[in-house]
Amino acid sequence: MTSTRARERLRQEKEVFELTKLHAARWFTLRLTMGYAVIGLLALIALVAGYVVLHPNGYSPSTITVAATALLADMLGLGISIFKVVLSHASTVQLMPSTGGKGIEGA
């Protein structure tokens, strides 16, 4: 009876581990996709704002001010997002065995 119970417990713990691993992989894919999308969007904003700032002849002073502010905010946002997403390891899932150190014999 104990052997059957221990095997069932091990099977359930293995299933929980596999689900946790799949969940972590999906979150990684989502974070990576969102990171690429944000980098693309920030690059687009920086290009448009940079063009307006570097070619001010056809734009009003208020438009140039808005473009410069957007460029500054864009660079700050890029720095903050790199720090939060890339350098922060707090949001990663740590996979570990959930058996509590007991094998089939120990249960």
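With values rounded to the nearest 0.5 angstrom, Thr20 atom OG1 is found 11.5 Å from Glu13 atom CD. For the atom pair Arg7 CZ and Lys14 NZ, the distance stands at 13.5 Å (nearest 0.5 Å). Atoms CG and CG, on Leu47 and Leu42 in that order, are 11.0 Å from each other to the nearest 0.5 Å.
Residues forming a side chain to side chain contact (heavy atoms under 4.5 Å, CB included) with Val66 (at least two apart in sequence, or on another chain): none. Listed by chain and residue number, Ala46, Leu71 satisfy the side chain to side chain contact (heavy atoms under 4.5 Å, CB included) test with Met75 (two or more places apart in sequence, or in another chain). Residues passing the side chain to side chain contact (heavy atoms under 4.5 Å, CB included) test with Glu8, sequence neighbours excluded: Arg11, Gln12. Remark: Glu18 engages no residue in a side chain to side chain donor-acceptor pair (under 3.5 Å) (not counting sequence neighbours). Partners of Arg26 according to the side chain to side chain contact (heavy atoms under 4.5 Å, CB included) rule, which considers only residues two or more places apart in sequence or in another chain, are Leu22.
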Run the side-chain donor-acceptor check on residues 54-61: report pairs under 3.5 Å with partners two or more places apart or on a different chain.
residue, atom, partner, partner atom, Å
His55, ND1, Tyr51, O, 3.3
Ser60, OG, Ser62, OG, 3.2
Ser60, OG, Thr63, N, 3.4
Ser60, OG, Thr63, OG1, 2.9

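For the pair Ala67 and Ala49, the tightest heavy-atom approach, listed with the atom from each and the gap, is O-CB, 3.3 Å. Counting all heavy atoms, side chain and backbone alike, Val53 lies closest to Ile64 at CG2-O, 4.3 Å.
Under the 4.5 Å side-chain contact rule for hydrophobic residues, Tyr36 and Phe28 share a cluster.
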